[in-house]
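Working notes, structure below.
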2 protein chains.
Amino acid sequence: MSLDHALLVSLLEKPSSGYELARRFDRSIGYFWHATHQQIYKVLARMEDAGWISGEVQPGEAAPDRKLFSVSRSGRSEVSRWLAEPTEPEGVRDSLMVKMRGAAFGKPGALIPELEHHRALHANRLTAYRVIEARDFSGALDRQRALQYQVLKSGIRFEQGWLEWCEEALGLLHSFDQDQGGNTP
Amino acid sequence: MSLDHALLVSLLEKPSSGYELARRFDRSIGYFWHATHQQIYKVLARMEDAGWISGEVQPGEAAPDRKLFSVSRSGRSEVSRWLAEPTEPEGVRDSLMVKMRGAAFGKPGALIPELEHHRALHANRLTAYRVIEARDFSGALDRQRALQYQVLKSGIRFEQGWLEWCEEALGLLHSFDQDQGGNTP
DNA sequence: AGATACTATGCAACGAGTTGCAGTGCAAGT
DNA sequence: ACTTGCACTGCAACTCGTTGCATAGTATCT
């Protein structure tokens, strides 16, 4: 469990409404911790009950009302507590890898469009990261920005890794297509 | 949802009992799709009801009974169906990245032990992969092995990426420790 | 006037996944 | 004899997360 903490950090960076957070989770932080708006609203409600955040309704002029949340003192101390507490890496879930192994029991060629799709997605994301990098992280950086940049750099590194891997995997599958049928090289 | 498919692929590679699968998920496939034994038993039961797999109790000589599952025809066709169906990449969940951004609102130095811990874990995993690589994937490979190797290579690539990133991040945090207090560089 | 779409919030029902516990049977140490 | 440990299976209770739907105001297009 830790959407709580992702939201707290997000709110520390900038007090926001649920809707805003949901949008932010489609970019930025969401690249490292995804969540849907329903889940976000649920957790916000729970954290408000717990006193970690407080919400203030802002009557919208020419727009629906929005409830702006900010982190309370007890929310801040929860963040500190969590930062100090050791965390194990999350368990991986990568269906593409399972599919690769499954492909041995079906038509490996069927995975080619899938891999191309993934390659395109990762290429797009890499481009998006590069844009953010150029826009927000050139020049001198204060601590907060330096940390954010370090996080972004992990994104860049991994998307590059993905791209290279997709190329390699596509090469392998294409090589299967050529020597039809044979099961040994 | 797709522990189902991970289990099916695992069972295609080798018919197994729930316990065996759980153990296998601590190595091998589990590096790409983790699961606990309780969840595995639950899904196995559901898939047996659905007719995708069939279990046969084997009275253990000098060992507890075990229920050996293998994939039925309808299970195989489910795998084929799933392989052909496009899948989006799983949403990422990486608490370390959230912590990095959160560190701006606490003591960044507190993350150093955490990063060292992660670095050690990734180094260990990389070593384990290298061992598997040398043991199982040197020499000529048939299709199945080639696919498995391609999956392993993604593991190697990512662990290396992690290691490099951890080094970089540790460098950054240590640089904070030196220029105490200042918030701009 | 009506259709479409976006901002904004939320409920209800369900399914996936975790945590904790419980039990059997064998083997081996002490 | 007693405990510890491992192979093996599973239930029960819970939390986390997803899917689908509901609502309501504003803006824009046709």
Side-chain angles (χ1 to χ4, degrees), chain A residues 1-8 11 15-27 30 32-50 53-69 82 87-95 98, chain B residues 1-8 11 15-27 29-30 32-50 53 55-69 82 87-95 98:
Chain A
M1 195 282 291
S2 199
L3 176 52
D4 301 48
H5 300 112
L7 288 176
L8 286 174
L11 288 175
S16 316
S17 68
Y19 187 80
E20 253 181 302
L21 284 167
R23 300 265 320 272
R24 198 114 55 88
F25 269 64
D26 293 337
R27 311 172 266 106
F32 308 100
W33 198 281
H34 88 101
T36 61
H37 84 269
Q38 290 89 341
Q39 189 65 15
I40 289 172
Y41 281 120
K42 251 192 266 188
V43 173
L44 284 175
R46 170 158 37 89
M47 291 201 298
E48 196 180 11
D49 283 353
I53 58 178
S54 58
E56 208 181 338
V57 175
Q58 303 216 316
E61 337 98 13
D65 293 359
R66 48 205 292 281
K67 200 167 172 188
L68 198 75
F69 290 98
W82 171 69
T87 321
E88 294 308 304
E90 275 68 29
V92 179
R93 295 260 162 125
D94 193 332
S95 54
V98 182
Chain B
M1 191 283 291
S2 199
L3 176 53
D4 300 49
H5 300 112
L7 289 176
L8 286 173
L11 288 175
S16 316
S17 68
Y19 187 80
E20 251 181 305
L21 283 168
R23 299 267 320 271
R24 198 113 57 87
F25 269 64
D26 292 338
R27 309 173 266 106
I29 272 257
F32 308 100
W33 199 280
H34 88 102
T36 62
H37 83 270
Q38 291 90 339
Q39 189 65 14
I40 289 172
Y41 281 118
K42 251 192 264 189
V43 174
L44 284 175
R46 170 157 40 84
M47 292 201 297
E48 195 179 13
D49 283 353
I53 58 177
E56 208 182 337
V57 176
Q58 303 217 317
E61 337 97 14
D65 292 0
R66 48 206 292 281
K67 201 168 172 188
L68 199 74
F69 290 97
W82 171 69
T87 320
E88 295 306 304
E90 275 69 31
V92 179
R93 297 257 162 126
D94 193 331
S95 54
V98 182

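To find a chain, count down the sequence lines: A is the first, B the second, and so on, and within it residues start at 1. Worth saying up front: this structure is predicted, and the values here are computed from it rather than measured. Just the heavy atoms: all of them, side chains too, but no hydrogens, waters or symmetry mates, feed the values below.
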Less than 4.5 Å apart, any side-chain heavy atom of Leu44(A) and any of Lys67(A)?
no

Between dC6(D) atom P and Arg23(B) atom CZ, what is the distance in whole Å?
11 Å

Can a side chain N or O of Tyr41(B) be found less than 4.0 Å away from OP1 or OP2 on dG10(D)?
no

Side-chain contact check for Tyr19(B): nearest option of dC16(D), dT18(C), dA7(D) is dA7(D)

Kindly say if Arg93(B) contacts the phosphate of dG17(D), meaning a side-chain N or O under 4.0 Å from OP1 or OP2.
yes

Qualifying residues under side chain to side chain contact (heavy atoms under 4.5 Å, CB included), relative to Ser16(A), sequence neighbours excluded
Leu11(A), Lys14(A), Glu20(A), Leu21(A), Arg24(A)

Phe69(B) CZ to dC8(D) C1', in whole Å, measures 12 Å

Send over the distance from Phe25(B) CZ to dG17(C) C1', rounded to a whole Å.
14 Å

Rounding to a whole Å, what distance do you find between Ile40(B):CD1 and dC8(D):C1'?
13 Å

Side chain of Leu3(A) (C-beta onward), nearest among dT9(C), dA7(D), dG17(D):
dG17(D)

Between dT18(D) (P) and Glu88(B) (CD): distance, integer Å
14 Å

Partner set under side chain to side chain contact (heavy atoms under 4.5 Å, CB included) for Gln38(B), not counting sequence neighbours:
Thr36(B)

Which residues pass the salt bridge (charged side-chain N to carboxylate O under 4.0 Å, His left out) test with Glu90(B), not counting sequence neighbours?
none

Rounded to whole Å, the CD-P distance (Glu90(B) to dC16(D)) equals 21 Å

Does Arg46(A) have a side-chain nitrogen or oxygen under 4.0 Å from the phosphate oxygens OP1 or OP2 of dT15(D)?
no

For the side chain of Arg66(B), starting at C-beta, report the closest nucleotide among dT9(C), dG17(D), dC8(D).
dC8(D)

With sequence neighbours left out, write down each residue that passes ring pair (Phe, Tyr, Trp, His ring centres under 6.0 Å) with Tyr41(A), or none if nothing qualifies.
His37(A)

First locate atom CZ of Phe69(A), then atom CD1 of Ile40(A), and finally report the distance between them rounded to the nearest 0.5 Å.
11.5 Å

Rounded to the nearest Å, what distance is computed from the CZ atom of residue Arg24(A) to the C1' atom of nucleotide dT7(C)?
16 Å

Give each protein N/O atom lying under 3.5 Å from an N/O atom of nucleotides 19-24 of chain D, with the pair distance.
residue: dG20(D); atom: O6; partner: Gln38(A); partner atom: NE2; Å: 3.4

Spacing of Leu44(B) atom CG relative to dC8(D) atom P, expressed in whole Å
14 Å

Holding to side chain to side chain contact (heavy atoms under 4.5 Å, CB included), I want the full list of residues that pass it with Lys42(B), two or more places apart in sequence or in another chain.
Gln39(B)

